[in-house]
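These notes concern the structure reproduced below.
Starting from 1, each residue takes its place in the sequence as its number. Since this is a predicted model, take the numbers as computed values, not measurements.
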Amino acid sequence: MRSGRDIRSFSGMWALLGALSMGFLMGAFPAVSPAATIPASPKGSSTGQAISGQQVMARTSDVVHILETFFPPGQGQITETGPGDQVALDRGSVQGLYQGAVVMVYRPGPPFRDFYTGLVIGHREERVGWVELTSVDPDSSRGFFSGKESVKAGDMFRMPESLVRVALVPASRYADLGVMSHLTRALQKSRRFSVVDPFRVDLAIRKMGKGSLTDPSFRARLARNLRAQSLILIDTTLLGDHVLLNLEIAGGLSGKKAFTLETGLSGVRPLSGGGDLLSGVSPDVHAAKLPPLSVPFRSVKLPFIPFFLTEGGYIPGEGEITALSDGRRIIVGTIGKSRVRTHYRESDPRVEANRHVFISSGPVIPPDKEHPGRDQIAVTNIVGGQPDSYVLDYDGTTFRRIAKHLPWYIRIVPMSDGSYSLIGQKMGVNNAFLGHIYSLRWKLDHFEKGDRVDWPKAITLLGTLPVRTGGTNAFLKIAGDNHLEYYDKRGDLRFKSPIFLGGYSNHFVFGRPHALLPVQARSVRVKGRILVLVPPGDPGRPIAIVYKNIPMSSGFGNFQGYQYGQVYFYRWTGVNWTLQGELTRVKNFIRDIAVMDDPATGAPVLVVGTEPVFNFMNIQNLIVKEGSLQYFHLPQTVSRFLRKGAAEPTLLNRPSGAGQTK
């Protein structure tokens with residue numbers, strides 16, 4: 001780790017540019033002037049030489065502006081060719097070229113004329129190849145040519161005005177992924193660069209096998225694989241809350257360093273950092289700063305991944321039982337301290353064709369001799385691209401499907417008046433949910449389509465929850481942009497959380513193409529489960545529970561894998577929803593959440609279903625089919641509201657009456 005630098009704040013772009021000669025490292029040229037040109041190299045400077053000086057603080061946009069000056073549009077002519085693909089150009093540093101720059105070589109072709117006037121309006125071009133400059137004089141330069149065609153004197157070259165394709169590559173394992181994604185987004189937003197998908201960069205490095213990013217030949221092969229004109233190798237050093245950014249730009253043909261740029265970075269929140277964790281640590285050791293680990297008081301391993309889970313009183317006399325879905329079959333069991341005592345596991349051969357989208361539970365059938373259990377399990381399922389949902393119920397001996405082959409997406413939902421209802425919605429052609437939501441009522445031995453559910457248009461079947469706040473009916477929703485939203489009964493948006501809930505995802509369901517619209521795949525928008533705790537002493541101010549998974553780098557449109565999960569607790573204050581508490585770091589990837597009673601204390605606890613976290617640091621977890629259930633006590637900032645009135649809260653993710661003092 002670098003140390004002993006004076007980190008100072010400079011305001012404005014001009015102050016930054018004025019300090020570049022002191023704060024940036026450059027190879028074959030000096031500081032960039034405010035006019036964004038590259039003057040001649042100073043005497044005594046050489047490639048790789050560092051210009052020492054004070055460190056300045058820059059914004060990401062400033063760094064992008066500086067990088068843009070190193071790729072100035074311009075053109076010229078090839079004056080001569082030599083052995084070993086050497087070429088000479090008639091432009092030099094005065095025109096903005098520099099050692100390591102890559103220019104495109106093209107050969108003018110026949111002219112093309114205006115259709116009406118016959119005037120020449122341009123010439124067709126034949127792309128010949130690329131030249132990477134190895135030496136630059138004020139008015140000329142030399143370099144090596146690479147291309148499928150042979151170059152000859154008289155061919156033209158230019159630094160294209162189109163987007164320059166660059167690849168952002170971590171120079172070491174200490175490169176902070178949060179800073180990398182922030183810089184990637186800034187480069188993408190610029191009008192000069194096109195950035196290679198980081199997913200492809202990581203995959204290309206792994207496919208190339210052994211090699212070093214300090215080896216120019218390895219860099220050149222990587223650039224060819226990515227079809228990148230230049231590589232931007234990024235490294236970060238974290239000093240307290242400051243980020244020192246070091247960029248090395250390498251040519252895409254030779255892989256050799258063109259220039260380096262170094263600055264302090266402001267306005268960026270890294271995924272890892274310094275602070276107290278760096279105290280007493282050797283300056284050569286990088287200490288990762290992560291949120292405090294949320295430690296469960298119990299964790300149970302499962303031989304499958306729990307895609308969905310829900311709690312309920314399915315079997316009389318067994319207390320609270322957990323229903324789990326591995327994506328294709330339902331497993332019902334009692335969770336012990338270290339294992340699961342299974343009561344039922346679906347074994348029908350048809351389950352191999354299942355694709356579960358959501359499961360829920362609640363009392364939708366009056367208990368009788370044939371239906372002794374208090375709760376039923378509703379499974380939204382898809383087979384062959386079409387809904388094939390069903391409802392499971394305990395008949396005194398085992399579980400059976402009391403409703404099957406339902407052509408709807410279904411869900412058992414707690415209504416704002418405290419009752420439970422089985423609701424359903426049809427499937428569209430190229431839209432997963434179509435039409436109105438209807439209640440499905442039990443009649444004798446089957447469910448019938450009932451009345452239309454009077455929900456606003458903005459409220460969908462899944463990813464929502466009716467809630468009662470301050471004596472009025474309202475709705476919570478995980479929006480399409482993965483923020484928690486709050487709607488009043490008329491469907492007007494009243495609140496949107498500032499926290500991006502990145503843990504909710506879409507389920508992609510592959511089905512048959514439609515006769516008119518050849519839709520090969522349908523995306524079922526499932527925005528996860530929202531839980532609500534209602535304090536009995538203050539029922540008008542419920543507490544909502546949502547979760548997210550932290551990606552390896554922020555969401556700029558490319559999947560990067562995940563690091564850990566987080567759970568948030570929002571409380572209604574009478575005006576809006578405020579963050580009341582959180583589980584800052586849940587180990588592994590969160591699949592689903594539920595609330596149940598702790599058998600020992602009767603207090604509510606949070607159950608989190610997880611699977612091994614997947615990212616490109618541990619890609620082997622793609623084939624690991626094991627999960628876990630983690631049990632957490634609620635944060636004290638949340639439980640203190642639930643203790644008011646000396647009674648336990650009503651839990652709205654399962655039947656009413658659960659969670660109350662027994």
Side-chain angles (χ1 to χ4, degrees), residues 177-178 269-273 275-277 287-302 305-309 311 322 324 335 337-338 478 482 484 497-505 528-533 543-552 554 561-571 577-601 603-615 617-618 621 626-643 649 651 653 659:
L177 295 171
R269 182 180 179 182
L271 291 178
S272 54
D276 296 335
L277 292 179
K289 182 180 179 182
L290 295 173
L293 180 65
S294 301
V295 181
F297 67 86
R298 183 174 51 159
S299 181
V300 180
K301 291 185 177 181
L302 303 173
I305 295 175
F307 283 86
F308 305 100
L309 65 121
E311 303 281 340
T322 304
L324 303 163
I335 311 299
K337 292 184 177 181
S338 59
I478 303 297
N482 286 347
L484 179 65
S497 73
I499 297 177
F500 175 82
L501 302 173
Y504 297 94
S505 60
R529 194 184 306 272
I530 306 173
L531 306 182
V532 169
L533 300 175
I543 296 173
I545 309 175
V546 290
Y547 69 88
K548 69 179 292 186
N549 288 295
I550 304 298
M552 288 293 291
S554 300
Y562 295 92
Q563 296 188 99
Y564 53 88
Q566 290 182 331
V567 181
Y568 297 94
F569 299 81
Y570 283 94
R571 180 173 182 262
W577 293 83
T578 60
L579 187 63
Q580 203 64 48
E582 62 181 299
L583 300 181
T584 55
R585 181 158 60 100
V586 177
K587 187 178 180 181
N588 293 334
F589 180 90
I590 298 179
R591 274 294 181 181
D592 201 0
I593 57 176
V595 174
M596 65 171 294
D597 293 334
D598 186 349
T601 64
V605 297
L606 182 70
V607 187
V608 180
T610 67
E611 68 169 296
V613 68
F614 161 72
N615 54 52
M617 302 296 181
N618 48 16
N621 282 347
E626 295 180 352
S628 65
L629 295 180
Q630 302 184 40
Y631 293 78
F632 296 89
H633 295 297
L634 301 183
Q636 293 185 0
T637 53
V638 175
S639 58
R640 66 187 179 93
F641 292 105
L642 303 179
R643 288 194 296 265
L651 309 179
N653 68 311

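- Using a 4.5 Å heavy-atom cutoff, the side chains of Leu606 and Phe569 are in contact.
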Original post:
Could you go step by step and tell me if Ile543 and Leu642 meet the side chain to side chain contact (heavy atoms under 4.5 Å, CB included) rule?
Top reply: CA-CA 9 Å; Ile543 296 173; Leu642 303 179; 4.1 Å; yes
Original post:
side chain to side chain contact (heavy atoms under 4.5 Å, CB included) between Val567 and Phe632: does it pass, once the steps are laid out?
Top reply: CA-CA 11 Å; Val567 181; Phe632 296 89; over 6 Å; no
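- Note: Asn549 CG to Tyr564 OH = 10.5 Å, rounded to the nearest 0.5 Å.
- A distance of 5.0 Å separates CG of Leu484 from CD1 of Ile478, quoted to the nearest 0.5 Å.
- Counting only distance, with no hydrogens or angles, the side chain of Ser294 and the backbone of Val586 share no donor-acceptor pair below 3.5 Å.
- In this structure, Gln566 contributes its side chain and Leu583 its backbone to no donor-acceptor pair below 3.5 Å.
- When all heavy atoms of Pro296 and Gln630 are compared, the pair lying nearest together is CG-OE1, 3.6 Å.
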**OP:** Would you sort out whether Gln580 and Arg640 count as a side chain to side chain contact (heavy atoms under 4.5 Å, CB included), showing the intermediate values?
**Re:** CA-CA 11 Å; Gln580 203 64 48; Arg640 66 187 179 93; 3.8 Å; yes
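- Taking CD from Glu311 and CD1 from Ile335, the interatomic distance works out to 7.5 Å, rounded to the nearest 0.5 Å.
- Between atom OG of residue Ser497 and atom OH of residue Tyr570 there is a gap of 4.0 Å, rounded to the nearest 0.5 Å.
- For the pair Tyr547 and Arg591, the tightest heavy-atom approach, listed with the atom from each and the gap, is OH-O, 3.2 Å.
- Here OG1 of Thr610 is found 10.5 Å from NZ of Lys301. Values are rounded to the nearest 0.5 Å.
- A donor-acceptor distance shorter than 3.5 angstrom exists from the side chain of Arg529 to the backbone of Leu309, with no hydrogens or angles considered.
- No side-chain donor-acceptor contact under 3.5 Å links Ser628 to the backbone of Ser299.
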Original post:
Could you walk me through whether Val607 and Thr322 pass the side chain to side chain contact (heavy atoms under 4.5 Å, CB included) check?
Top reply: CA-CA 10 Å; Val607 187; Thr322 304; over 6 Å; no
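- No donor-acceptor pair closer than 3.5 Å links the side chain of Asp592 to the backbone N or O of Gly609.
- Side-chain atoms of Met596 and Val605, non-hydrogen and from C-beta on, do get closer than 4.5 Å to each other.
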